[in-house]
Amino acid sequence: MNELNRRQFLKAATLTGTAAGLSGLSGLTLADNAEDKKLILPDNSLNGVLGKPHMPAKAKRMIYLFQSGGPSQMELFDYKPMLNKMHGQEIPSEVRGDTKLTTMTAQQTSLPLVKSVFNFKQHGESGAWVSELLPHTAKVVDDLCFIKSVQTDAINHDPAATFILTGFPIAGRPSLGAWLSYGLGSNNNNLPPFIVLLTNQNKGQPIFARLWGNGFLPSIHQGVRFRAGKDPVLFVNNPKGIDRHDRREMLSYLSKLHGIQYAKTMDDEIHSRIAQYEMAQRMQTSVPDVNDFSDEPDWVFDMYGPDSRTPGTFAANCLLARRLAERNVKFTQLFHRGWDHHSGLPGGIRQMCRETDQASAALVADLKQRGLLDDTLVVWGGEFGRTSYCQGKFTEKAYGRDHHPNAFTMWMAGGGVKSGMSYGETDDFAYNVTKDPVHVHDLHATIMHLMGVDHERLTFKYQGRRFRLTDVHGKVVKDILA
Amino acid sequence: MDLIQFFGRFHVLVLHLPIGILLLVALIEIHTTLFQKERAKLLNQVWFWGAVSAIFACILGYMLSLGGGYNENAVFIHKSFGISVAVTAIICTLLFSYKKNVGKLLTSALVSLQLFLLFATGHYGANMTHGETYLVEHAPNFVRTIAGFEPHKAPRPAITQIDQADIYLDIVQPILKANCVSCHNDSKAKGQLNLANIEGIKKGGKIEHTLGDGKLSNSELYKRITLDEHDKKFMPAEGKTPLTDTQVKTIAWWIKAGAPMSGTLQASTLSKEDKKALSQTLGLAPADNAWPLAKRTEVPGEVIGQLQKQEFLVKTIASKINYLDVDYSSNLQAISDDAISALVSAKDYIAYLNLINSQITQEQIAEISQLPNLLRLRLNKTPVSDEGIRSLQTLPNLEYLNLFGTQISDSSLRTLTEFPSLKQVYVGQTGVTQTAISEIVAIKPDLQVFALSNKLAEFQESTKQALGKETKKAAK
């Protein structure tokens with residue numbers, strides 16, 4: 001008895017109760033809820049805890065191109081001629097209102113507006129404004145849906161990234177991908193449903209594994225990071241001296257032992273463990289297969305740009321994301337760092353765009369020509385935007401912009417989102433949202449909706465309360481649904 | 001702020017007290033009399049509190065009635081009965097408290113009168129809140145006849161063509177009836193607006209231009225149904241289910257057409273958008289984003305089990321949509337004949353089928369043509385040929401066909417125009433030529449044919465330039 005902790009004892013006691021036919025009584029503790037049933041059912045990760053989506057999924061998969069650091073909306077998508085006119089003038093106090101500033105610019109004595117040094121043009125039939133920094137994205141604007149009015153609560157990188165990726169600014173909640181894996185399961189039993197690809201780079205804001213963590217959900221739902229190079233997933237290959245057959249034998253026995261242990265302790269993590277060992281073995285073949293680009297013709301690499309031949313670049317990761325989408329991986333999350341331009345913005349952002357523009361656009365075009373964009377949702381964006389006033393030196397080359405949570409631009413494509421559309425508006429200074437604000441919670445609610453999930457009905461009971469990705473917030477942005 | 005209204009609204013709370021107290025005491029009095037039990041003295045106190053609560057209910061009710069919005073006649077009847085309840089309760093209290101032996105006959109008479117008045121008051125009060133027809137709305141016809149109501153109207157004949165629809169009876173009235181009439185009717189006209197009949201609608205409410213002059217911006221009614229749901233003035237009020245987008249579009253069309261109250265629709269005069277919304281309102285066209293296939297009962301477990309045994313990955317489309325999404329692509333091996341026959345035995349349930357990389361043969365493809373409910377089919381990178389495409393031509397519901405990276409040629413493209421429901425087809429990296437695509441698009445404009453991206457050349461060009469720059473740099 002002293003081997004069991006209190007919870008496990010209670011759980012076991014209720015289960016015995018059920019077996020004895022006291023189902024009425026045990027119903028009190030084991031509510032008739034999918035997530036609670038999971039406590040006793042063996043893990044069925046393929047269909048997720050929901051079994052079937054709440055509504056038909058417009059998007060069966062999702063690719064999230066996360067631009068860490070906070071790309072400047074004024075240099076990329078949110079064209080503001082007023083900034084040219086008022087270049088160098090103080091930002092009007094009625095525009096600034098009582099918005100909070102970071103400690104970095106709060107001490108600045110002057111907050112002069114600064115224009116974008118990059119030219120803007122309208123593109124495509126939809127006439128979307130895109131700056132010269134993104135010549136390739138400009139080509140596919142008719143497949144994109146720009147949201148110019150995204151708002152977040154946090155003003156610093158870590159809480160803001162944590163917020164937009166987990167729905168809460170403090171670490172510890174499950175990430176978006178983990179929720180999707182938990183709710184919907186997987187569409188490929190040889191690859192994990194949630195895969196994370198980081199650009200190999202040593203600049204930019206640090207990012208942590210908890211951004212793709214499972215929080216309090218069972219650990220099989222955490223994102224699996226693929227690394228560039230020979231050993232994409234660590235510890236999947238057999239140790240030296242052990243062949244496939246030995247490994248299989250070992251796993252079968254291990255699984256039996258796990259079964260015995262589970263019967264004793266009712267610890268759900270055991271199911272996760274078994275599932276992970278089994279998945280790891282299947283990944284010994286599936287991972288090399290998806291990472292082997294030798295079956296891609298030259299024109300594909302030309303599409304994604306010269307970097308795409310170098311593993312670990314953003315371009316190669318975009319191509320890999322497409323290959324994962326072809327294999328029905330539910331959620332692929334890319335991270336690209338370095339958008340945090342407090343100073344020297346023009347040079348910095350030019351470099352960032354060079355690294356990401358072509359591949360992002362190519363991904364959309366490639367998914368489209370392969371008939372995958374229909375049911376794959378692509379999302380591009382950072383954790384917040386940047387201020388229209390200058391941070392640091394006020395010169396053409398050296399100007400910078402500070403963090404700005406009140407209004408920034410993201411784009412979505414495919415997966416049941418209207419194309420060639422721009423939603424939401426900001427004022428003449430790209431500072432405040434003037435029409436159709438989309439809060440991060442709304443963004444999450446909308447993504448969930450597109451994936452077939454009612455965000456209010458996917459919950460997990462933890463520490464005595466039911467949690468969901470959108471907490472008690474979130475409205476589906478109906479106007480962008482196709 | 002209006003204190004009288006503030007207190008008046010407590011009427012609906014307080015009124016339950018006299019009902020409960022007086023009902024209880026009246027029943028006990030009858031019981032005592034009938035079975036010759038000893039009468040408890042406590043009953044006198046109960047009568048007293050019954051009378052007090054009745055008086056309070058009357059006062060609050062009067063305050064509520066000052067706010068208006070109710071039919072005067074109905075208020076008068078309810079008020080009369082209500083006051084009678086209070087008066088009778090006072091009489092009973094006094095009589096039972098101060099007279100030692102009240103005769104059996106008198107007791108029975110008074111108590112019965114009290115009960116009758118109580119029920120009558122309650123009934124007329126409820127009629128005002130729920131509407132006179134509330135009780136008999138779902139009653140069988142004989143009950144309605146006894147209660148003095150017309151028997152149920154025969155339902156309107158089902159509309160099969162948009163031209164048959166009566167503008168008021170088939171389109172406007174059903175929407176108002178289902179969503180607005182509970183608060184805007186003959187006996188209770190909130191905002192002095194009665195939406196239950198044509199005269200009421202024409203007359204409008206407190207604010208002028210309820211309907212407006214044919215411009216949406218001048219219509220109070222349209223404004224009310226398109227406000228933010230959380231706005232205090234949003235209609236239907238009190239958190240009732242909002243109108244659907246289609247219903248709002250329908251009302252918008254009606255107001256713009258000058259709010260006609262008679263006549264039938266003229267399909268030829270309608271814009272494409274309006275026609276769609278009206279057809280959806282009439283149930284002639286499926287709602288936007290509606291699942292295109294007929295409703296089915298739950299997919300039997302064996303069907304799913306059989307498919308899983310053949311290594312298909314099987315998912316149900318959604319919780320009330322009992323169709324399957326069946327996937328073979330992660331197996332990376334040739335599909336067996338057994339697997340194909342498993343598909344055929346599950347044929348009614350399969351809506352999405354993914355056979356990418358399955359090396360499916362010509363004979364096997366012909367089998368697939370038996371899947372009547374197939375909506376989406378992926379055959380990318382399979383050896384499917386022009387002949388294979390021909391055998392799929394009979395699929396009645398196929399909307400999406402993916403042939404990326406297959407061997408098909410221009411002749412397949414011509415076959416594709418014969419597919420009854422096809423909307424999207426993917427022919428990148430096949431033998432299909434751009435000329436053939438242009439020809440097809442001219443014949444069948446609503447078929448979207450996707451070849452390799454037309455942006456490809458530009459992407460390649462820029463890669464070439466970038467590489468060129470690098471080599472130059474390296475050379476330096």
Side-chain angles (χ1 to χ4, degrees), chain A residues 46-48 50-58 60 135-136 139-140 184-191 282 285-286 289 297-308 315 326-328 354 357-358 361-362 364-375 416 452 454 457 475 478 481-482, chain B residues 229 245 288-291 299 304 308 311 313-325 327 329-332 351-352 354 356-357 376 378 380-381 400-405 424-429 450-470:
Chain A
L46 275 188
N47 280 326
L50 295 179
K52 26 191 150 169
H54 292 129
M55 49 240 163
K58 293 277 165 164
K60 279 163 73 174
H136 296 282
K139 271 177 240 148
V140 296
L184 298 169
S186 175
N187 287 38
N188 178 337
N189 47 6
N190 301 325
L191 285 169
R282 292 194 298 273
T285 44
S286 62
D289 167 64
D298 282 344
W299 64 264
V300 169
F301 292 105
D302 288 348
M303 208 177 164
Y304 285 80
D307 288 350
S308 60
E326 281 179 310
R327 286 160 180 75
N328 283 326
R354 212 179 292 136
D357 171 44
Q358 181 167 356
V364 172
D366 198 14
L367 290 172
K368 186 175 175 184
Q369 68 189 356
R370 286 167 202 267
L372 283 166
L373 192 58
D374 254 58
D375 50 4
D454 175 350
R457 287 199 282 155
K475 264 200 324 216
K478 288 203 187 121
L481 305 180
Chain B
E229 266 174 50
D245 290 351
D288 285 335
N289 284 324
W291 182 249
V299 189
I304 297 179
Q308 282 172 337
E311 314 227 0
L313 205 137
V314 186
K315 298 227 160 194
T316 309
I317 299 287
S319 73
K320 281 188 195 111
I321 303 209
N322 294 309
Y323 285 91
L324 298 178
D325 177 352
D327 193 325
S329 65
S330 55
N331 292 323
L332 301 173
Y352 299 167
N354 184 348
I356 294 182
N357 287 325
R376 294 171 150 258
R378 289 190 145 104
N380 320 22
K381 303 182 184 170
Y400 169 110
L401 180 58
N402 198 326
L403 300 169
F404 187 93
Q424 283 162 281
V425 59
Y426 294 84
V427 296
Q429 281 215 294
F450 295 85
L452 284 188
S453 173
N454 55 8
K455 319 270 165 27
L456 209 56
E458 293 171 69
F459 281 120
Q460 285 169 317
E461 180 55 31
S462 103
T463 301
K464 222 163 78 193
Q465 276 177 14
L467 288 174
K469 261 186 219 157
E470 265 172 43

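Side chains are part of it too, since the values below use all heavy atoms of this structure and drop only hydrogens, waters and symmetry mates. Chain identifiers are assigned alphabetically (A, B, ...) following the order of the sequence lines, protein sequences preceding nucleic acid strands; residue numbering begins at 1 within each chain.
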Nearest heavy-atom neighbours spanning [X] and [Y]:
X      : Y      : answer
B/L313 : A/N189 : CD1-N, 3.9 Å
A/E326 : B/K381 : OE2-NZ, 3.5 Å
B/N380 : A/R370 : ND2-O, 4.0 Å
B/T463 : A/Q358 : OG1-NE2, 3.0 Å
B/S330 : A/N190 : O-ND2, 3.1 Å
A/Q369 : B/F404 : O-CD1, 3.4 Å

Below 4.5 Å from any heavy atom of chain B, which atoms of [X] appear? Answer side chain, backbone, both or neither.
X      : answer
A/N188 : both
A/L373 : neither
A/A482 : backbone

Which answer fits [X], side chain, backbone, both or neither, if we ask what part of it has an atom under 4.5 Å from a heavy atom of chain A?
X      : value
B/A457 : neither
B/N357 : neither
B/N454 : neither
B/V425 : neither
B/F459 : both

Atom pair CG (B/N354) and NZ (A/K60), whose distance is rounded to the nearest 0.5 Å:
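The CG atom of B/N354 sits 6.5 Å away from the NZ atom of A/K60.
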
Choice from B/S462, B/A466, B/G405 maximising heavy atom contacts with chain A below 4.5 Å:
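Of the options given, most contacts go to B/S462.
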
Quick check on the interface: out of B/V427, B/L467, B/L456, B/I356, who has the most heavy-atom pairs with chain A under 4.5 Å?
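Highest number of heavy-atom pairs under 4.5 Å: B/L456.
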
Any side-chain heavy-atom pair of A/D302 and B/K464 under 4.5 Å:
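A side-chain contact is absent here, since even the closest heavy-atom pair is not under 4.5 Å.
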
Is the shortest side-chain heavy-atom distance between B/Q424 and A/D374 below 4.5 Å?
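Yes, their side chains come closer than 4.5 Å.
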
Examine distances only and state if a side-chain atom of [X] and a backbone atom of [Y] form a donor-acceptor pair shorter than 3.5 Å.
X      : Y      : answer
B/K315 : A/L184 : yes
B/Y426 : A/L372 : no
B/K455 : A/M303 : no

Do you know which of A/A362, A/A57, A/S286, A/S308 has the most heavy-atom pairs with chain B at a distance under 4.5 angstrom?
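Most heavy-atom pairs under 4.5 Å with chain B: A/A362.
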
Any idea which of A/K58, A/R327, A/H136 has the most non-hydrogen atom pairs under 4.5 angstrom with chain B?
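Sorted descending by pairs with chain B, the first entry is A/H136.
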
Decide yes or no on side-chain hydrogen bond (donor to acceptor under 3.5 Å, both in side chains) for A/N187 and B/D327, but give the supporting numbers first.
CA-CA 8 Å; A/N187 287 38; B/D327 193 325; 5.5 Å; no

Check salt bridge (Lys or Arg N to Asp or Glu O under 4.0 Å) between A/R354 and all other residues, then give those that pass, not counting sequence neighbours.
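In terms of salt bridge (Lys or Arg N to Asp or Glu O under 4.0 Å), with neighbours along the sequence ignored, A/R354 is linked to no residue.
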
Would you mind checking if A/D375 and B/R378 are paired as a salt bridge, meaning a charged N to carboxylate O distance below 4.0 Å?
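Yes, this pair counts.
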
So does A/K478 pair up with B/D245, basic N to acidic O under 4.0 Å?
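No salt bridge links A/K478 with B/D245.
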
Donor-acceptor pairs under 3.5 Å, side chain of residues 316-324 of chain B to any protein atom, not counting sequence neighbours: which ones?
unit_1	atom_1	unit_2	atom_2	d
B/S319	OG	A/H54	O	3.4
B/N322	ND2	B/R296	O	3.0
B/Y323	OH	B/A294	O	2.7

